[in-house]
Structure formats: structure tokens, C-alpha cells
Amino acid sequence: MMYLDEAFRVKVGLAEMLKGGVIMDVTDAKQAEIAEKAGACAVMALERVPSDIRKEGGVARMAAISKIREIMANTSIPVMAKVRIGHFAEARVLEALEVDYIDESEVLTPADEEHHVWKRDFKVPFVCGCRNLGEALRRIAEGAAMIRTKGEAGSGNIVEAVRHMRTIVKEMKQLTVLGPEELVAESKKHQAPLELIQYVHEHGKLPVPNFSAGGIATPADAALARLLGAEAVFVGSGIFKSSDPETRAKAIVKANTHYNEPLAVLEASEELGDAMPGLDIRQMAEGDLMQTRGW
Amino acid sequence: MLIGVLALQGDFEAHGAALRRAGAEVLEVRTKEDLARVDGLVIPGGESTTMLKLMGYYDLFEPLRTFGASKPIFGTCAGAILLASEVMNPPQPSLNLIDMAIQRNAYGRQLDSRVVKLNGHGLEGDPELEAVFIRAPIIRRVGEGGKVMATYKDDPVLVDYGRHMVATFHPELSNDLRIHNHFLAKLG
């Protein structure tokens, strides 16, 4: 099976090393340095953070190569970068650049509205977003070695991240109590390969690490994502769109490690300034949602 | 006998699972109080810079040094970096519990990560030993008390320091429990 071969295990291996950590969005080497100093376990290089992409509109693409190079040259932790959904040529460029992980991301403007990148063809590992179990398993079937729930990027609102994590965890739990003969119908319902449905039925979890993204803005948000089942968190606009990036980055790292200790999350939350401005998802137009990109 | 796995960041869960499969009782260690309860400790793979920050935030640095002065620690990858006396690429603080120089990310980036088979590892049983390297460091000098158990491309990758031991790869990501058993044997 694909998820047992050596090449795939090496890809999942790096995701295993990132567990329990915070992956931070950065747009230049200076932000990457702040992230690394605060204790980020990896950085995500991109041109604009999601809340700016949302504000400025237009087409959001893979970041400028000079920026990614600058970030790679100035950090000792893994560097990830985003490609548009389905844009396998951008992915080839990032692989040639030797980034450590590629995020095929709904935050950028999709390049293909039907197909995702066939990620098995790449040696560099991919992370993909999902809103439910079926979407996660389709991405894993294509070769994703890490899954993150999508949430709603750039919103500063945790509600969608919670919805997606609760959905996928519930759908996985449900599979574990079914009989083997019921799994074919589940495969049809989730629109996912039977062998991956069988894996979840047997293990109660995905064959790759499951992280959370999209809307984390405070230490308590990070703790909530972890308590709901995320094995690590991505923080996008939440850090560098706040009034106090250094303090906030450090506070989120602390709360993420001690997510199950209310006193530690309290301590991490002391002395924080203003979080990024948030958006009410219910008042957003359907076309402004990023989470519905990806199929 | 209780084995701790330092759970600040990294693949502590995989180490915990491997130790349990080897028959050990396991505690995830995040605080000084947790550390005081365990008889031996595994420092897992992950990002050594992140773990160093968290050790600083929660005053774990000196307690870990004191712990290591009398009790066994097994460091894998980032854990090996944290135990070493000298860290390169870039230089960074460490627990300085073993006489060893180690270079971070020495094989390159993730594209240079790999699974290989090692031979002549000094462990019982199968002469082959699987080693999973992820953005791995290279040990540049093995100092006093270090016995090299396995090498890859002539560089030491598994070293026994008597009380402590280090691996630059990830035995917790393979099904073979011999390395974890070798560590557990140090606890008597």
C-alpha cells in the first residue's frame, strides 16, 4: 500500500517531527527570524498573509522565488511554501528550489477547478487542506503526507477551524464502530478510496498527521484546536497582523505545548496586546470564502 | 520503572508508542515535576531550536542537566543535538551531557531525507537495521566515553555513551524495537 512504502514514510516522517509545534506564515526573512526565535517548528513562506490577500483581492500566486530563497537562507527550521490548487508547474519549481514542504493551498487562487496536483509524482512532501474526512482521504490518495483542516484563512475567526476538526474527528470515530461490510457504502458516501476508509476504520485516525489551520489568533485558539484533536497548528495572519507579533508568537508556542494545562494557557495569555481584527463568517459572501476551494 | 519522553515538541508520540511496545511504562514530560517522576528519558526528534526555546520558557534546562548527571537519556536527531557538547550550523546552546560535536541539517534539506539499511550495528539478531533519516544531523566528533555502534557513509549514527545514547536517525519510526530495548537495558 502507498502509505507503507519508503518514499512516503520519509514524507510523513517530517510531518511527525513537526507535531506538537506551531507553523507560522511569514512574508520575509525578518518575520522568519521572529518566528524561529519565538519557537516556531517551521515557517510557511508566502507573498501576502491571507488577510491581506482577502483585502487586496486579485490573483494570489506562489510567492516570489527571491523571497522564498531569502527565507530559506536565513532559517534553520523547515521552510514550506504554497502553490495554487492544481498548479503542478509551480510545485515543480518549488521542488527544484528544495523547499521542505509544499502546501497546495486554498488560500491562493486555484489554477484548476477540477483536479489537484498528483502529489505521488513528487519527492518533496505535500500538505493539503480539508473540511471533512472524504476530502482528507482524497488528498492522501493523491499523495499528501500531511493534512490540515482548512478553517477560514485570514478571518481571525476560529469557528470554521472548529467545525472542520469536529467534523473529521466525528467521521473517523463513526467508521471505527462499523462492520467491514459497511465500509464500501462509506467509501461511496465519503467519495474516498476503500483502502483508506479501511485504514481509518482500523486505526481511528488518518495514515498521516492531522493539523489545524485557518482562524487561529490567540493562545486559547491554539489550545482549542489541540484539544479538539489537532496534532499541531498553522498560524497565518494571526501573528503578524496582531499588534504584538513577537509576544504573540511566543505566547501561541507556549499555549500549544501546554494546551491541556489551563494555568499555562493563562500565563501565556498575560501581557498580550490586541489580536488581529476578526471577520464574522456568517456575514461574508459565499464567493469570499477560501475554504470552498478544493474538490 | 517509568520512562519519560520529553513532550515539548516533536515525535514524542511515536517514541511513547515504541517504548510501550517494548514493555515500558511511559510518561510524557512537559514540566520539572514530570521530570522528577521518571527513571530515564527520551528526547525525541523534532526541531531542536523549538525545544530549546520551550526549555528556556519553563526553566527546564538545569533540571535536565541535573537529571542527566545520574540518569540515562536517549536522544534521537534533535535529541542528540540537545545532548551534545558542541553544535554547529549554526552554533547553539545545548545540555552538554556527552562529549560530541554535531552538525545540524548536515545532509541537506527534506529532499535529502531517506530510509536506509545499516549493517554491523552491534545489536543482536538481524544483521540489517533500518534507519529513517529526516533532515538529519551528522556527528562530526565522538569524544570520551562514546562507543560507535553503527555508521552510515562512514559517519557515526548510533553511539552508546554508557549512561546515555544517541541516534541521528529515528528508530521510533521503524518497527524494530532493538534500539529502544538497548536503551531500556540501561535502566536495569
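What's counted below: heavy atoms across the whole structure, side chains too, no hydrogens, waters or symmetry copies.
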Item to check | Pairs of heavy atoms under 4.5 Å with chain A: top-ranked of B:Arg135, B:Gln92, B:Glu47 | outcome: B:Arg135
Next on the checklist: Please rank A:Ala232, A:Gly21, A:Ser76, A:Gly13 by heavy-atom pairs under 4.5 Å with chain B and give me the top one.
Outcome noted: A:Ser76
Item to check | Atom group of B:Arg109 that falls short of 4.5 Å from chain A, counting heavy atoms | outcome: both
Checklist entry - Measuring from A:Ile102:CD1 to A:Glu90:CD, what's the distance to the nearest 0.5 Å? => result 9.5 Å
Next on the checklist: Among B:Ile81, B:Val87, B:Leu82, which residue satisfies the side chain to side chain contact (heavy atoms under 4.5 Å, CB included) criterion with B:Leu52?
Outcome noted: B:Leu82
Item to check | chain A contact via B:Arg30 - side chain, backbone, both or neither, heavy atoms under 4.5 Å | outcome: both
Item to check | Portion of B:Leu54 that has a non-hydrogen atom of chain A nearer than 4.5 angstrom | outcome: side chain
Checklist entry - Side chain, backbone, both or neither: which part of A:Pro209 has a heavy atom under 4.5 Å from chain B? => result neither
Checklist entry - Any side-chain heavy atom of B:Leu95 within less than 4.5 Å of one from B:Phe61? => result yes
Next on the checklist: Out of A:Lys254, A:Glu267, A:Glu98, return the one with the most heavy atom pairs under 4.5 angstrom to chain B.
Outcome noted: A:Lys254
Item to check | Salt bridge present between A:Glu142 and A:Arg139 (N-O < 4.0 angstrom) | outcome: yes
Checklist outcome for this item: Whatever's closer than 4.5 Å to a heavy atom in chain A on B:Ser113 counts as both
Next on the checklist: Quick check on the interface: out of B:Asp11, B:Asp112, B:Asn89, B:Leu173, who has the most heavy-atom pairs with chain A under 4.5 Å?
Outcome noted: B:Asp11
Item to check | Heavy-atom contact with chain B under 4.5 Å, split by part of A:Val79 | outcome: both
Item to check | Atom group of B:Val115 that falls short of 4.5 Å from chain A, counting heavy atoms | outcome: both
Item to check | Polar side-chain atom of B:Lys117 near backbone of B:Glu128 as donor-acceptor pair, under 3.5 Å | outcome: no
Item to check | Contacting moiety of B:Glu13, where chain A heavy atoms sit under 4.5 Å | outcome: side chain
Checklist entry - Quick one: of B:Asn105, B:Leu8, B:Val132, B:Thr49, who has the most non-hydrogen atom pairs under 4.5 Å with chain A? => result B:Leu8
Checklist entry - Any idea which of A:Glu261, A:Glu36, A:Lys37 has the most non-hydrogen atom pairs under 4.5 angstrom with chain B? => result A:Lys37
Next on the checklist: Donor-acceptor pair, distance only, cut-off 3.5 Å: does the side chain of B:Arg104 make one with the backbone of B:Ile102?
Outcome noted: no
Next on the checklist: Tell me whether B:Asn175 at atom CG has more than 12 heavy atoms from other residues, nucleotides or ligands lying less than 6.0 Å away.
Outcome noted: no
Item to check | chain A contact via B:Ala78 - side chain, backbone, both or neither, heavy atoms under 4.5 Å | outcome: neither
Item to check | Exercise: identify the closest heavy-atom pair between A:Lys11 and B:Gln110 | outcome: CA-NE2, 4.0 Å
Next on the checklist: Under 4.5 Å from any heavy atom of chain A, what part of B:Ser174 do you find: side chain, backbone, both or neither?
Outcome noted: both
Checklist entry - Using the benzene-type ring in the case of Trp, are the ring centres of B:Phe169 and B:Tyr152 under 6.0 Å apart? => result no
Item to check | Candidate pair B:Thr31 and B:Asp34, rule side chain to side chain donor-acceptor pair (under 3.5 Å), full reasoning | outcome: CA-CA 5 Å; B:Thr31 62; B:Asp34 296 336; 3.2 Å; yes
